[in-house]
Enquirer: 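Take this structure first; my questions come after.
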Amino acid sequence: MTSHQNLRDTSIENKAPFQGIAFNNSYARLPEQFHARVDPTPVAQPALIRLNHALARELKLNVDALNSTEGIEMLAGNRPAAGAEPIAMAYAGHQFANWVPQLGDGRALLLGEVIDRDGRRRDIQLKGSGPTPFSRGGDGRSSIGPVVREYLASEAMAALGIPATRALAAIATGEDVLRNNPEPGGILVRVADSHVRVGTFEYFARKGDPASVRTLADYVISRHYPELSDHDQCYLEFFGQVIERQAFLVSEWMRVGFIHGVMNTDNTSVVGETIDFGPFGYIDEFHPATVYSSIDRRGRYAFNQQPGIAHWNLARLGECLLPLLDDNADAALEQANEALKTFEGRFEKHFHAVLRAKLGLAETRGGDIELAEDLLSLMTDQRADMTLTFRRLGEIDAESSAADGPVRELFDDPAGFDAWVARWRERLGAETRCEAARRQAMRKTNPAFVLRNHLAQQAVDAAIERLDFGPMHQLAKVLARPYDDQPGNADYAQPPRPEERVTKTFCGT
Ligand code: AMP
Ligand code: MG
């Protein structure tokens with residue numbers, strides 16, 4: 001693919017606006033310090049890689065219109081969308097604990113918002129749509145690799161039932177972007193409940209602009225937490241809600257072995273969606289300290305560090321909210337700290353529920369968590385595959401060990417598993433739920449299919465090397481039903497062969 005042989009008109013001024021989206025924008029109404037108005041930079045030859053029909057319908061968008069030449073040009077930023085008010089959002093953030101006073105959308109633009117079929121306001125954003133005032137020397141573009149990764153990752157996450165930003169479309173731009181090597185460029189059309197991050201609050205708070213912090217908090221509360229609007233301590237309640245959603249989100253990530261990889265405050269959503277899929281990964285062989293991100297040399301964002309990091313990020317949000325909590329600084333600090341202290345208990349409550357569910361325990365008994373933790377230690381020592389272990393555990397018999405083979409064989413030393421599974425069977429004996437219901441419940445919490453790193457890599461390699469999106473499409477289809485067995489797709493449930501292993505994942509730039 002080369003961009004030079006293309007003589008198409010890429011200017012957008014003389015193109016009729018695309019009419020297919022009923023934008024209803026609110027963020028663009030916020031004061032000017034919240035964003036920069038920028039139009040997308042047209043690309044040479046936009047081509048649709050994948051359109052998410054189900055999501056389009058959810059957003060009340062017309063699939064045929066989006067699929068048309070005009071629709072694809074709009075999604076690529078080559079044609080204005082009627083009613084869109086493209087803005088780059090301003091934000092800052094702590095990256096690996098280092099303060100960065102200005103980040104912002106450097107390669108993304110919020111086109112605007114739509115009201116979906118449930119009455120929910122959703123953002124539509126183009127990611128990779130060209131430079132903005134926040135690009136800091138970057139090209140504002142994205143390689144097709146991260147576009148494919150984020151499309152697959154966000155849709156897989158949603159299919160797992162975990163809050164996440166979504167992918168409406170992936171576009172090939174027909175232009176190369178220069179990374180280590182030239183790579184084909186792409187644009188991801190991202191949909192989110194919100195693109196407000198902890199870093200958006202920090203941007204204003206650390207500039208010493210509490211009025212804007214209040215404006216932002218009022219906006220977020222009225223849009224995302226309207227039930228708090230009338231509360232006399234609405235900012236404290238809001239903080240509590242964000243704490244709750246982050247605690248839940250991280251426990252859900254850990255349920256499926258997900259490592260976000262770059263939990264900076266600018267990648268921490270105030271509505272609790274998984275956002276900014278960069279160097280993420282899913283655990284194959286279980287180890288709690290797993291890190292895949294090539295830039296995370298010290299393991300700050302390792303699998304088992306995620307709850308502590310969420311807590312750290314929430315503390316940064318709390319600092320921003322202090323002036324809103326109380327006129328008395330000590331009182332404000334006290335309130336924020338009290339709220340923050342609830343994180344641990346909230347996380348533990350969710351994560352313990354996750355552990356019980358993964359073991360198929362509907363009731364709560366002393367020793368349950370120890371039982372789960374002992375299995376995790378055994379898996380760690382014996383490098384058992386996380387996804388397969390739990391999935392297969394759900395298939396064995398509560399009474400007899402005759403069918404233990406498939407799960408037992410995942411452990412190097414099956415004797416350790418035998419001892420553990422005897423304890424598990426004994427514990428199951430205390431459950432009143434029937435066997436069929438237990439199995440069914442375990443199948444719904446222990447997925448058969450996750451976006452294993454090698455699968456994502458194979459889809460990315462095919463896209464970058466051959467502009468072949470077949471593997472991406474096939475993978476997307478499988479991952480849309482992660483809890484179903486799909487016998488014809490059994491290969492996708494398997495851990496990587498030694499030569500397929502991906503031990504490092506990279507940022508989405
Ligand atoms: P991320 O790694 O996606 O969380 O991005 C961190 C910051 O870098 C954000 O402000 C991005 O907008 C910015 N950024 C990343 N890649 C690019 C790029 N190619 N051009 C301009 N800005 C970028
Ligand atoms: Mg980011």
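Order of appearance sets the numbers: ligands from 1, and atoms from 1 within every ligand. Sequential numbering from 1 along the given sequence is applied to the chain's residues. From a predicted model like this one, the values you see are computed outputs, not experimental measurements.
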Enquirer: May I ask you to check if R149 and F280 form a cation-pi contact, with NZ or CZ under 6.0 angstrom from the six-membered ring centre and within 45° of the axis?
Expert: yes
Enquirer: Restricting to N, O or S atoms, which atom of D276 is closest to the Mg ion (ligand 2)?
Expert: OD2
Enquirer: Under a 4.0 Å heavy-atom limit, does D276 contact ligand 1 with its side chain, its backbone, both, or neither?
Expert: side chain
Enquirer: I'd like to know if D116 and K60 make a salt bridge, using a cut-off of under 4.0 Å between side-chain N and carboxylate O.
Expert: no
Enquirer: Can you list the atoms of ligand 1 that are under 4.0 Å from a heavy atom of N267?
Expert: 4 (O)
Enquirer: With heavy atoms of R179 as the reference, note each atom of ligand 1 found under 4.0 Å away.
Expert: 19 (N)
Enquirer: With only distance considered, is R107 within less than 3.5 Å of ligand 1 through an N or O on each side?
Expert: yes
Enquirer: Looking only at the side chains, is there a donor atom on one of Q458 and E500 sitting less than 3.5 Å from an acceptor on the other?
Expert: yes
Enquirer: For D266, take its heavy atoms, then give the atoms of ligand 1 lying under 4.0 Å from any of them.
Expert: 4 (O)
Enquirer: With only distance considered, is D139 within less than 3.5 Å of ligand 1 through an N or O on each side?
Expert: yes
Enquirer: Which residue, R121, M89, H195, forms the side chain to side chain contact (heavy atoms under 4.5 Å, CB included) with Y27?
Expert: M89
Enquirer: I need the atoms of ligand 1 closer than 4.0 Å to a non-hydrogen atom of G104, numbered in the order shown.
Expert: 9 (C), 10 (O), 11 (C), 12 (O)
Enquirer: Contact between ligand 1 and G278 is defined here as a heavy atom of the residue under 4.0 Å from a ligand atom; is it met?
Expert: no
Enquirer: Under 4.0 Å from a heavy atom of Y91: give me the atoms of ligand 1 that qualify, with their elements.
Expert: 9 (C), 10 (O)
Enquirer: Which atoms of ligand 1 sit under 4.0 Å from any heavy atom of G138?
Expert: 20 (N), 21 (C)
Enquirer: Taking only heavy atoms of R141 into account, list the atoms of ligand 1 that are under 4.0 Å away from them.
Expert: 19 (N)
Enquirer: Going by an N to O cut-off under 4.0 Å, is there a salt bridge joining R190 and D276?
Expert: yes
Enquirer: Hey, are Q246 and T268 close enough side-chain-wise for a donor-acceptor pair under 3.5 Å?
Expert: no
Enquirer: Would F134 count as being in polar contact with ligand 1, using the rule that some N or O on each side must be under 3.5 angstrom apart?
Expert: no
Enquirer: Can you tell me if E465 has over 12 outside heavy atoms packed within less than 6.0 Å of its CD?
Expert: yes
Enquirer: Within the structure, is a non-hydrogen atom of K127 found at a distance of less than 4.0 Å from ligand 1?
Expert: no
Enquirer: Just checking F449 against Y492, ring centres under 6.0 Å apart?
Expert: no
Enquirer: Is the F204 to F34 ring centre distance short of 6.0 Å?
Expert: yes
Enquirer: Do Y203 and D209 have side-chain atoms, one donor and one acceptor, less than 3.5 Å apart?
Expert: no
Enquirer: Are any of the N/O atoms in R136 less than 3.5 Å from those in ligand 1?
Expert: yes
Enquirer: Could you tell me whether any N, O or S atom belonging to N267 is less than 2.8 Å from the Mg ion (ligand 2)?
Expert: yes
Enquirer: Cut-off 3.5 Å, side chains only: do E244 and H350 have a donor facing an acceptor?
Expert: yes
Enquirer: Show which atoms of ligand 1 fall inside a sub-4.0 Å distance from at least one heavy-atom site of G140.
Expert: 18 (C), 19 (N), 20 (N), 21 (C)
